[in-house]
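By convention in this document, chain letters (A, B, ...) are assigned in the order of the sequence lines, proteins followed by strands, and residues within each chain are numbered from 1.
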There are 2 protein chains.
Amino acid sequence: MLISEVAKIAGLSKDGVRHYEEMGLIASTERQAGSRVYREYDPAVLTTIEKVRQAQRLGFSLKEIGPLLKAHGAANLTPEQTVVFLEERLDVIRGKLKVLQEVEAFIKTKLDHYKKEKLSRSDKKI
Amino acid sequence: MLISEVAKIAGLSKDGVRHYEEMGLIASTERQAGSRVYREYDPAVLTTIEKVRQAQRLGFSLKEIGPLLKAHGAANLTPEQTVVFLEERLDVIRGKLKVLQEVEAFIKTKLDHYKKEKLSRSDKKI
DNA sequence: CTTGACTGTGGGGTTTCCCTACAGATTATC
DNA sequence: GATAATCTGTAGGGAAACCCCACAGTCAAG
């Protein structure tokens, strides 16, 4: 399949697909098209891209995901390593959650304040 | 005060301080030093930087913060506008929270799975 | 055979800084 | 007073994960 098809199905832009390829996450073969060369992708890249997306949601950067994909293919993680690895991810995610929750609380407080302000003297500028 | 002092107190790098200045968030005056010109900062920039940090935590980009700082100084937001504005921020933050919470749940599930795996057959590779 | 949709490369932009290198200025030490 | 250590400046490249534009060849349909 050509790049547009991959992009459409994977929900990426063509630039995104090329970017993933540059990052070594997916591969393509060359297809001669006159003086031009088109990229031909195996449909399997779609599931690879899915894995990449999942890993991104877990807080990994594309750079980190490359080795991860290879490790997965090589099936060389013990359950112990997997647990450690997931726990690290959980820490990252929980750290982010904490910050956001604090910000949420902060905004709610401000909001209450301004809602009162608005009721009591709706003409004043802040 | 010179740039290093600002950087140290504000918890920014010198590059960061210069960056904030380029973005128009803070200002400095020139101080001749032989053939060189040093940046002289008013201590007030420290509180400005604090405001910037706060706004960043609320999800604003530095680019958005510039006008915001000016608006604040000019005191030209009505309580109604402030409320709308805070509610928008709250939406942004809550959207991020939601995603992270889903990821957290996902990892927890995986983790449980692998912990069981580990107990039942601790020798197998994954 | 022309038109439109597709492909490629190349280069610039975004965001929030970090890092390196080179060079003048200032301060402290001997 | 010379020298060394520490400071300052600018310039330019890099990171992350793409987006966007332009220019140009390719291919399928009408």
Side-chain angles (χ1 to χ4, degrees), chain A residues 1-42 45 48-69 89 92 96 99 103, chain B residues 1-42 45 48-69 89 92 96 99 103:
Chain A
M1 53 207 303
L2 292 181
I3 196 165
S4 282
E5 198 178 351
V6 174
K8 219 168 282 170
I9 300 177
L12 264 180
S13 67
K14 287 186 287 185
D15 275 330
V17 174
R18 280 190 277 253
H19 181 61
Y20 278 28
E21 189 169 352
E22 272 173 27
M23 301 293 286
L25 303 175
I26 57 177
S28 69
T29 54
E30 301 192 344
R31 165 167 149 185
Q32 267 314 133
S35 70
R36 294 299 194 91
V37 180
Y38 284 9
R39 295 156 200 263
E40 179 71 37
Y41 295 92
D42 187 286
V45 302
T48 305
I49 293 176
E50 254 318 290
K51 287 180 194 168
V52 172
R53 297 304 220 178
Q54 182 64 276
Q56 277 185 300
R57 263 172 268 139
L58 297 181
F60 290 98
S61 68
L62 293 187
K63 201 172 189 176
E64 294 167 319
I65 293 170
L68 240 56
L69 285 178
R89 283 303 113 190
V92 172
K96 291 183 182 177
V99 171
V103 172
Chain B
M1 50 206 306
L2 292 181
I3 196 166
S4 282
E5 197 177 354
V6 174
K8 218 167 285 173
I9 300 176
L12 263 179
S13 67
K14 287 185 289 185
D15 276 330
V17 174
R18 280 189 277 253
H19 182 61
Y20 277 29
E21 188 169 352
E22 272 172 27
M23 301 293 286
L25 302 176
I26 57 176
S28 69
T29 53
E30 301 191 345
R31 164 167 149 186
Q32 266 316 129
S35 69
R36 294 300 194 91
V37 180
Y38 285 8
R39 294 156 201 264
E40 178 72 37
Y41 294 92
D42 188 286
V45 302
T48 305
I49 292 176
E50 254 319 290
K51 287 181 194 168
V52 172
R53 297 303 218 180
Q54 181 65 288
Q56 276 185 302
R57 264 172 267 141
L58 297 181
F60 290 99
S61 69
L62 293 186
K63 202 172 188 174
E64 293 168 319
I65 293 171
L68 241 54
L69 285 177
R89 284 302 114 189
V92 171
K96 292 183 182 177
V99 172
V103 172

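Protein atom CG of A/Leu2 is 17 Å distant from nucleotide atom P of C/dA5, rounded to whole Å. Between the CD1 atom of A/Ile3 and the P atom of C/dC6 there is a distance of 13 Å, rounded to whole Å. Between B/Ile26 atom CD1 and C/dC17 atom P there is a gap of 11 Å when expressed in whole angstrom units. Note: CZ (B/Arg18) to P (C/dT16) measures 19 Å, nearest angstrom. The distance between atom CD1 of B/Ile65 and atom P of C/dT15, rounded to the nearest whole Å, is 12 Å. At whole-Å resolution of the value, CD in A/Glu64 and P in D/dA15 are 14 Å apart. To the nearest angstrom, P of C/dG8 lies 10 Å from CD of A/Glu40. Distance, A/Lys14 NZ to C/dG10 P: 16 Å, rounded to whole Å.
Every side-chain hydrogen bond (donor to acceptor under 3.5 Å, both in side chains) that A/Glu40 has, sequence neighbours left out, goes to A/Arg31. A/Lys8 meets the side-chain contact (heavy atoms from CB on, under 4.5 Å) test with no other residue; sequence neighbours excluded. Considering only residues two or more places apart in sequence or on other chains, B/Gln54 meets the side-chain hydrogen bond (donor to acceptor under 3.5 Å, both in side chains) condition with B/Arg57. Under the side-chain hydrogen bond (donor to acceptor under 3.5 Å, both in side chains) criterion, A/Thr48 pairs with no residue at all, not counting sequence neighbours. The side-chain contact (heavy atoms from CB on, under 4.5 Å) search around A/Asp15 returns A/Ser13, A/Arg18, not counting sequence neighbours. For B/Phe60, the ring pair (Phe, Tyr, Trp, His ring centres under 6.0 Å) partners at least two apart in sequence or on another chain are B/Phe85. When the side-chain hydrogen bond (donor to acceptor under 3.5 Å, both in side chains) test is applied to B/Tyr20, the partners found at least two apart in sequence or on another chain are B/Arg53, B/Gln56.
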Polar atom pairs between nucleotides 26-28 of chain D and protein, under 3.5 Å, N or O only, would you list them?
unit_1 : atom_1 : unit_2  : atom_2 : d
D/dT26 : OP1    : A/Ala33 : O      : 3.4
D/dT26 : OP1    : A/Ser35 : N      : 2.4
D/dT26 : OP1    : A/Ser35 : OG     : 3.2
D/dT26 : O4'    : A/Tyr38 : OH     : 3.2

Which protein N or O atoms sit under 3.5 Å from an N or O of nucleotides 16-18 of chain D?
unit_1 : atom_1 : unit_2  : atom_2 : d
D/dA17 : OP1    : A/Leu62 : N      : 3.4
D/dA17 : OP2    : A/Leu62 : N      : 2.9
D/dC18 : OP2    : A/Tyr20 : OH     : 3.1
D/dC18 : OP2    : A/Gln56 : NE2    : 3.1

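Checking B/Tyr41 against B/Glu21 by side-chain atom types alone, a donor-acceptor pair falls below 3.5 Å.
Nearest heavy-atom pair across A/Ala27 and A/Val45 is O-CG1, 3.8 Å.
Applying the 4.0 Å criterion to OP1 and OP2 of C/dC6, one finds that A/Arg39 has every side-chain N and O outside that range.
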